[in-house]
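We number each residue from 1, following the sequence as shown.
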Amino acid sequence: MTIQQNVTVGRKADSPNRAPRIGRGVLLSTGATILGDVSIGDFAKIGAGAVVTSDVPSGVYGGRGSRPLTNCPDEVPA
């Protein structure tokens, strides 16, 4: 996982026991905010200044208008 500067990862007041779950190989770009009981899939990329309040599937670019990535590496078996 890569976390750039000024990224906020936190819980919401209405669900204090549920923190965000962040997968392998995720990029959290500058100023991104991840809030609440959300899951970010493996190899997802969250754009600069994005506010994530719902789940992001594996291999998706999240920001202003999310889209699937086309050259995402295959999942590695556990």
Considering all heavy atoms of both residues, which atom of P57 and which atom of A44 are nearest to each other, and what is their separation?
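Here P57 and A44 meet closest at O-CB, 4.0 Å.
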With clusters defined by side-chain heavy atoms of hydrophobic residues (ILVMFWY) lying less than 4.5 Å apart, directly or transitively, does V7 cluster with V51?
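No.
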With clusters defined by side-chain heavy atoms of hydrophobic residues (ILVMFWY) lying less than 4.5 Å apart, directly or transitively, does L27 cluster with I3?
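No, separate clusters.
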Is there any side-chain hydrogen bond (donor to acceptor under 3.5 Å, both in side chains) pair reaching into residues 27-38, and which pairs are they, with sequence neighbours excluded?
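Sorted pair list: Q4-T30, R18-D37, R21-D37.
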Using the side-chain contact (heavy atoms from CB on, under 4.5 Å) rule, pick out the option among V56, I46, V52, L28 that qualifies with I22.
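Only one option passes, and that is L28.
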Hey, is the main chain of S58 close enough, under 3.5 Å, to the side chain of D42 for a donor-acceptor pair?
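Not a single qualifying donor-acceptor pair exists.
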Starting at CZ of R24, measure out to CD1 of I40 and round the result to the nearest 0.5 Å.
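Separation between the atoms: 15.0 Å.
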